[in-house]
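Heads up, the thing below is written out as structure tokens.
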Amino acid sequence: MSEVLKNMQDTVVKYARVLSRILKVDVEIVDDRLNRIAGTGSFENRVNTDMSDEGYVYRTVLQTGEKKIIRNPGMHEICMRCPKRYHCEETFEISTPIKIGDEVIGVIGFVCFDQQQKNHILEDLDTYLEFLDQISDLISSKALEEIEKEKTLNAFNEKINTVSGSAENFGLDKILGESEKIKSLKEKVKKIARSSSTVLITGESGTGKELLARAIHMESYRADGPFVAINCAAIPETLLESELLGYTRGAFTGADVRGKMGKIELAHKGTLFFDEIGDMPLYLQSKLLRVLEQKEVTRLGSNKPVPVDVRFIAATNKDLERMIRERAFREDLYYRLNVIPLEVPPLRERKEDIEQLTRFFIEKYCRLFNKKVILIDDRLWEYMKMYDWPGNVRELENTVEYMVNMLGSDGIITMRLMPRKFMEDAGRAKDDIDSLEEMEARLIKRALNIYGRNVTAKKQVAKKLGIGMATLYRKLKKYGFD
């Protein structure tokens with residue numbers, strides 16, 4: 001609580017001046033570090049100075065939490081250590097603690113410098129002591145309000161950070177790789193980061209689209225603002241609208257009685273990231289378009305629009321242009337989002353980055369699991385670069401995590417630590433020529449990874465491969481994908 005009186009210094013100064021005018025004495029208020037926060041009269045020009053070398057009475061009050069009345073300054077036992085005690089100018093002093101609960105956060109001091117002031121106080125000492133206690137309580141109450149306000153603000157900033165993850169810096173340095181495709185991508189980010197235009201990031205699952213969105217945010221002038229992410233595929237459709245727009249008190253059955261701020265409002269002065277934008281329902285796409293165009297949001301249950309200053313970044317692993325043709329995505333929203341298109345390359349197209357990424361993940365999981373790697377078998381790199389990595393960087397990280405878990409006390413990473421399935425797939429990739437069946441199986445597997453495995457996704461897979469559903473199901477069973 002050391003900073004609380006300093007944080008409300010203007011208020012403390014006002015109380016000190018009121019006390020001085022009423023009591024006709026000099027007043028000073030110090031915090032628990034013996035810094036003078038307020039002062040009147042002879043103390044006014046010494047505000048914000050350290051009193052450690054002279055505040056012996058105040059130090060005693062801070063330690064004991066009890067009021068001290070010094071009738072003969074310089075002669076009192078507390079004054080014996082003070083170097084000014086033989087030529088003390090004070091004639092009378094009262095020091096009262098300022099408390100929050102049992103904790104002393106400061107001291108109010110009344111100081112008289114002549115006999116007339118002293119007599120004035122002594123004539124009605126009890127009344128002045130009571131008045132002093134009341135002022136002390138008032139300052140305590142204001143200090144408590146300041147603390148609660150700070151707690152609320154900290155809690156809010158922590159909601160923001162939990163929702164957005166913005167507490168950690170995810171700049172361009174977090175995007176690892178020296179391949180030409182990654183270098184080119186980073187250069188594009190540097191060019192567009194400080195713009196306010198919307199960005200559409202495309203790329204396969206596991207390529208790091210959110211990491212790129214965070215890098216854009218951190219490179220922009222909005223870096224000090226919140227980064228709020230919302231996954232359109234992870235939130236039930238019935239809840240997505242209220243999560244995005246927020247709602248007022250009593251907007252619908254089951255709503256929080258206090259209402260709730262939506263993700264768009266939370267991202268004010270920052271960046272809002274829509275992950276899996278292709279999964280946003282059509283009716284909500286129209287409302288998002290309105291927000292993008294009008295720069296304002298209206299909570300559910302309200303007719304009052306709230307202005308918002310937000311940069312929008314969206315990401316998807318789906319073919320939005322195909323979805324537009326199938327009337328599953330709004331064309332006008334697509335063009336509003338696709339102002340600046342960025343594509344994250346799959347790992348198989350930047351295999352020269354595999355070693356750097358692998359070493360990074362090895363260090364990460366060795367720290368996490370308290371393990372140490374002494375040696376990495378050179379053959380490991382050969383197999384890792386032969387593999388196609390359909391799950392991209394996410395699959396690579398999971399593979400490394402598995403290897404570090406399996407790492408023995410010798411600290412050597414060899415091929416025997418690799419997951420069996422990886423070895424089988426990498427071994428097949430090592431052959432110069434694959435059979436047609438192997439190529440077909442890999443193609444179907446890749447399509448499933450891109451589109452998914454539910455009924456609707458399988459229809460898309462069959463259409464993309466140019467085969468019927470019955471043929472697809474027969475091949476899924478044949479290759480063990482059912």
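Residues take their numbers from the sequence shown, with the count starting at 1.
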* Could you check Gln63, Lys68, Glu28 and say which one makes a side-chain hydrogen bond (donor to acceptor under 3.5 Å, both in side chains) with Tyr58? => Glu28
* Structure fact -> In short, Pro345 meets Leu185 closest at the heavy-atom pair CD-CD2, 4.3 Å
* Asked: Is it true that the side chains of Thr49 and Arg36 contain a donor and an acceptor less than 3.5 Å apart?
  -> yes
* Is the closest side-chain heavy-atom distance between Lys209 and Asn317 below 4.5 Å? -> yes
* **pair Phe369-Glu401: side-chain heavy atoms closer than 4.5 Å** => yes
* To do: Might you point out which heavy atoms bring Leu380 and Met403 nearest each other, and give the distance in Å?
  => CD1-SD, 4.2 Å
* Ion pair check, Glu210 and Arg214, cut-off under 4.0 Å -> yes
* **Closest non-hydrogen atom pair, Ile216 against Arg311** => CG2-NH1, 3.7 Å
* Asked: When you measure from the side chain of Thr399 to the backbone N and O of Glu395, does any donor-acceptor pair fall under 3.5 Å?
  -> yes
* Side-chain contact, heavy-atom cut-off 4.5 Å: Ile264 with Val306? -> no
* Quick one: closest heavy-atom pair of Lys67 and Asp133, and the distance? => NZ-OD1, 3.1 Å
* Judged by atom type as modelled, is there a donor-acceptor pair below 3.5 Å linking the side chain of Thr40 to the main-chain atoms of Val27? -> yes
* Min side-chain heavy-atom separation Lys142-Val12 under 4.5 Å -> no
* Just checking, any donor-acceptor pair under 3.5 angstrom between side chains of Glu397 and Tyr365? -> yes
* Asked: Salt bridge check: are Asp31 and Arg33 linked by an N-O gap of less than 4.0 Å?
  -> no
* Verify the distance criterion only: is there a donor paired with an acceptor across the side chains of Lys371 and Asn405 at less than 3.5 Å? => no
* N/O donor-acceptor pair under 3.5 Å between Glu352 side chain and Ser179 backbone -> no
* Would you check if Asn48 and Gln9 make a side-chain contact, meaning some heavy-atom pair closer than 4.5 Å? => yes
* Specify the closest pair of heavy atoms between Leu292 and Thr198, including all atoms of both residues, with the distance to one decimal. => CD2-CG2, 4.0 Å
* Below 4.0 angstrom, N of the basic side chain to O of the carboxylate: do Glu355 and Arg359 qualify? -> yes
* To do: May I ask you to decide if the ring planes of Phe274 and Phe312 are parallel, tilted or perpendicular, using 30° and 60° as cut-offs?
  => parallel
* To do: List the steps and the verdict of side chain to side chain contact (heavy atoms under 4.5 Å, CB included) for Ile413 and Leu407.
  => CA-CA 7 Å; Ile413 292 183; Leu407 183 65; 3.9 Å; yes
* **Backbone N/O of Asn392 and side chain of Thr207: donor-acceptor pair under 3.5 Å** => no
* Asked: When you measure from the side chain of Ser184 to the backbone N and O of Glu180, does any donor-acceptor pair fall under 3.5 Å?
  -> no
* Asked: With distance as the sole test, does Thr91 use its side chain to make a donor-acceptor pair with the main-chain N or O of Cys112 at under 3.5 Å?
  -> yes
* Asked: If only atom types and distance count, is the side chain of Glu276 paired as donor or acceptor with the main-chain N or O of Asn231 below 3.5 Å?
  -> no
* For Ser205 and Arg394, run side-chain hydrogen bond (donor to acceptor under 3.5 Å, both in side chains): C-alpha distance rounded to whole Å, both residues' side-chain angles, the deciding distance at 0.1 Å, then the answer. => CA-CA 8 Å; Ser205 179; Arg394 184 182 295 126; 3.1 Å; yes
* Structure fact -> Heavy-atom nearest pair, Ala314 first then Phe273, reads C-CE1, 4.3 Å
